[in-house]
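The structure under discussion appears below in the form of structure tokens.
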Amino acid sequence: MFAHGQTVIQYVEKLAPKAMALEGDKIGLHVGTLQKQVKKVMVALDVLESVVDEAIAEGVDLIVAHHAVIYRPLKHLRTDMAAGKLYEKLLKHDIAVYTAHTNLDVAAGGMNDWLAEAIGLENVEMLDVNYRETLKKLVVYVPQSHRDAVFQAITEAGAGWVGNYSHCTFQAEGTGTFLPREGTDPHIGKQGELEKVEEVRIETVVSSSRQTSVIKAMLAAHPYEEVAYDLIPLDNTGQALGIGRIGKLPETVTLQELALQIKERFSLQGLRVIGDLHAPVRKVAVVGGDGSSYVSKAVFRGADVFVTGDIGYHTAHDALAEGLFIIDAGHNIEKIMKEKLAAFLRDRLQENGYGTEVIASRVHTDPYQFL
């Protein structure tokens, strides 16, 4: 059994909900349709013509990319020009393209956590918080016989998280009453007769990003034809998330040693280093892609060195003046997401019994070379 296209994207959005994306970011479905079975998914950093050719050769139905295939407004769709030719190939071969960009950067267990892990950082925190999950209280009334089934269903779907504690609920016993009217098919009782049932009130918290899956799981596990439940907005907020990460290396190294480690771990031809190569560093900030607008945040958070890409000449001078070293490893270090996201999707699909194959693009898309 192959997964529906929308099912695949539900798994992507479970990791990186669209609400986490920065304002104006071009995420979501860019080309094609998700209303189809998907036999093969390819995860890519960039959607270039060479990547599309790879997808065609591999028999791919859906590309999940980090960078938008349609970034600037289209003035025309000419198939005798580079962009038009790319879109023509996608449409002719019925290949859909979905983009997860800053929502994947922000997500816990997403891009910037993958980068921090690869660098070897410990005690990792958000560099710049820009998103806080909203919370709701879920209250559901369950017959005693199904207390455990509903409890397991909602907590396994993501309800009941308080900090690093899971399965947090409050449960109180009481008596529920109902009178089944004409046209009902009650699980307990008979039409026209008032029923009194020993029930359990289960209260828990659910984040906005998990609400849909939690409610779906609750309704599937609950025995009643009509389920009585409440969703109550809360003023307190959930997990704080944001762009970038900051943490410490296991031990102090020189700037040069760290740069060489990063070059090796990310399989880079070369990188740019800003600062004294022999200076000791330990506290490291990292932002995947273009992190030039986060230099001041790295300074404010007390980083010794900032690992990112696309640093400009004057920004480099400003950083040095503030005492911050920079390792410009290039935008392409985000290629780490190809294998990481592919593994995540592969696991989710296999867990749910789907035969959909997931591969990582092997095409190298970094436009820069070092001589």
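Residues: numbered from 1 along the sequence shown.
Listed for the Thr356 side chain is a donor-acceptor partner under 3.5 Å among the backbone atoms of Ala3. Remark: side-chain polar atoms of Arg210 are paired, donor with acceptor, to backbone N or O of Lys14 under 3.5 angstrom. Of the possible donor and acceptor atoms, none in the side chain of Lys297 sits under 3.5 Å from a partner among the backbone N and O of Gly244. Side chain of Asp61 to backbone of Lys39: a donor-acceptor contact under 3.5 angstrom is found. Judged by distance alone, with hydrogens and angles left aside, the side-chain atoms of Asp290 form a donor-acceptor pair with the main-chain N or O of Ser292 at under 3.5 Å. At least one donor-acceptor pair closer than 3.5 Å links the side chain of Arg265 to the backbone N or O of Ile119. The main-chain N or O of Asp185 is found under 3.5 Å from a side-chain atom of Glu225 such that the two form a donor-acceptor pair. With hydrogens and angles disregarded, a donor-acceptor distance shorter than 3.5 Å links the side chain of His66 to the backbone of Ala100. Arg132 contributes no side-chain N or O that, together with a main-chain N or O of Ala240, makes up a donor-acceptor pair within less than 3.5 Å. A donor-acceptor pair under 3.5 Å is formed between the side chain of Asp304 and the backbone N or O of Arg282.
Linking Ile, Leu, Val, Met, Phe, Trp and Tyr whenever their side-chain heavy atoms come within less than 4.5 Å leaves Val358 and Phe2 in two separate clusters. Neither Val139 nor Val142 shares a network with the other; the hydrophobic side chains, linked directly or stepwise wherever heavy atoms of I, L, V, M, F, W or Y lie under 4.5 Å apart, form separate groups for each. When hydrophobic clusters are built by joining Ile, Leu, Val, Met, Phe, Trp and Tyr residues whose side-chain heavy atoms come closer than 4.5 Å, directly or via intermediates, Leu135 is not grouped with Ile154. Note: the hydrophobic cluster containing Tyr11 does not contain Ile215 (ILVMFWY, side chain heavy atoms under 4.5 Å, direct or indirect links). Hydrophobic clustering (ILVMFWY, side-chain heavy atoms < 4.5 Å, transitive): Leu104 and Phe344 are in one cluster.
In Asp80, the CG atom is crowded: over 12 heavy atoms of neighbouring residues, nucleotides or ligands sit closer than 6.0 Å. For His76, the NE2 atom counts as densely surrounded, since its 6.0 Å shell holds more than 12 non-hydrogen atoms of other residues, nucleotides or ligands. Counted within 6.0 Å of CZ on Phe370, heavy atoms from surrounding residues, nucleotides or ligands total more than 12; the atom is thus considered enclosed. Within 6.0 Å of atom CD in Glu351, more than 12 heavy atoms from other residues, nucleotides or ligands are found, so the atom counts as buried in its surroundings. Atom NZ of Lys248 is surrounded by 12 or fewer heavy atoms from other residues, nucleotides or ligands within 6.0 Å. Open room surrounds CD on Gln369; 12 or fewer heavy atoms of other groups in view lie less than 6.0 Å from it.
The shortest non-hydrogen separation linking Glu195 to Lys190 is OE2-N, 4.0 Å. Taking both residues in full, the closest heavy atoms of Lys136 and Leu234 are given as C-CD1, 3.8 Å, listed atom of the first, atom of the second, then distance.
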With side-chain contact (heavy atoms from CB on, under 4.5 Å) as the test, would you mind laying out the steps for Asn332 and Tyr368 before giving the verdict? CA-CA 9 Å; Asn332 198 252; Tyr368 300 106; over 6 Å; no
Begin from the C-alpha positions of Asn112 and Leu127 and carry the test side-chain contact (heavy atoms from CB on, under 4.5 Å) through to its verdict. CA-CA 10 Å; Asn112 283 294; Leu127 178 63; over 6 Å; no
Worked check of side-chain contact (heavy atoms from CB on, under 4.5 Å) between Leu258 and Gln261: CA-CA 5 Å; Leu258 178 59; Gln261 289 173 12; 4.0 Å; yes
Would you sort out whether Glu13 and Lys18 count as a side-chain contact (heavy atoms from CB on, under 4.5 Å), showing the intermediate values? CA-CA 6 Å; Glu13 293 180 358; Lys18 294 173 76 172; 3.1 Å; yes
Stepwise side-chain hydrogen bond (donor to acceptor under 3.5 Å, both in side chains) check, Gln256 with Thr254: CA-CA 5 Å; Gln256 181 173 357; Thr254 66; 5.5 Å; no
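Using a 4.0 Å cut-off between charged nitrogen and carboxylate oxygen, Lys85 and Glu88 do not count as a salt-bridge pair. Arg245 has a carboxylate O that lies under 4.0 Å from a charged side-chain N of Asp113, or vice versa, which qualifies the two as a salt bridge. Comment: Arg147 engages Glu173 in a salt bridge, judged by a side-chain N to carboxylate O separation of less than 4.0 angstrom.
If you take CG on Asn164 and CD on Gln239, they are separated by 9.0 Å, rounding to the nearest 0.5 Å. Going from atom CD of Gln269 over to atom CG of Asp366 covers 7.5 Å, rounded to the nearest 0.5 Å.
Using modelled atom types and a 3.5 Å distance limit, the side chains of Glu199 and Tyr224 yield a donor-acceptor pair. In this model, no donor atom of one side chain and acceptor atom of the other lie less than 3.5 Å apart for Thr33 and Gln35.
No cation-pi contact links Lys335 to Phe266, judged by a cut-off of 6.0 Å to the six-membered ring centre and 45° from its axis.
A heavy-atom distance below 4.5 Å is not found between the side chains of Thr308 and Tyr294. A 4.5 Å side-chain heavy-atom check between Ile327 and Val284 finds every atom pair outside the cut-off. Between Phe306 and Val287, the closest side-chain pair of non-hydrogen atoms falls below 4.5 Å. A 4.5 Å side-chain heavy-atom check between Met20 and Glu133 finds at least one atom pair inside the cut-off.
Clustering of Ile, Leu, Val, Met, Phe, Trp and Tyr side chains at separations under 4.5 Å places Ile63 together with Val31, Met42, Val47, Leu48, Val51, Val52, Ile56, Val60, Val69, Ile70, Leu74, Leu77, Leu86, Tyr87, Leu90, Leu91, Ile95, Val97, Ile359, Val363.
Residues forming a salt bridge (Lys or Arg N to Asp or Glu O under 4.0 Å) with Glu58 (at least two apart in sequence, or on another chain): Lys40, Arg362.
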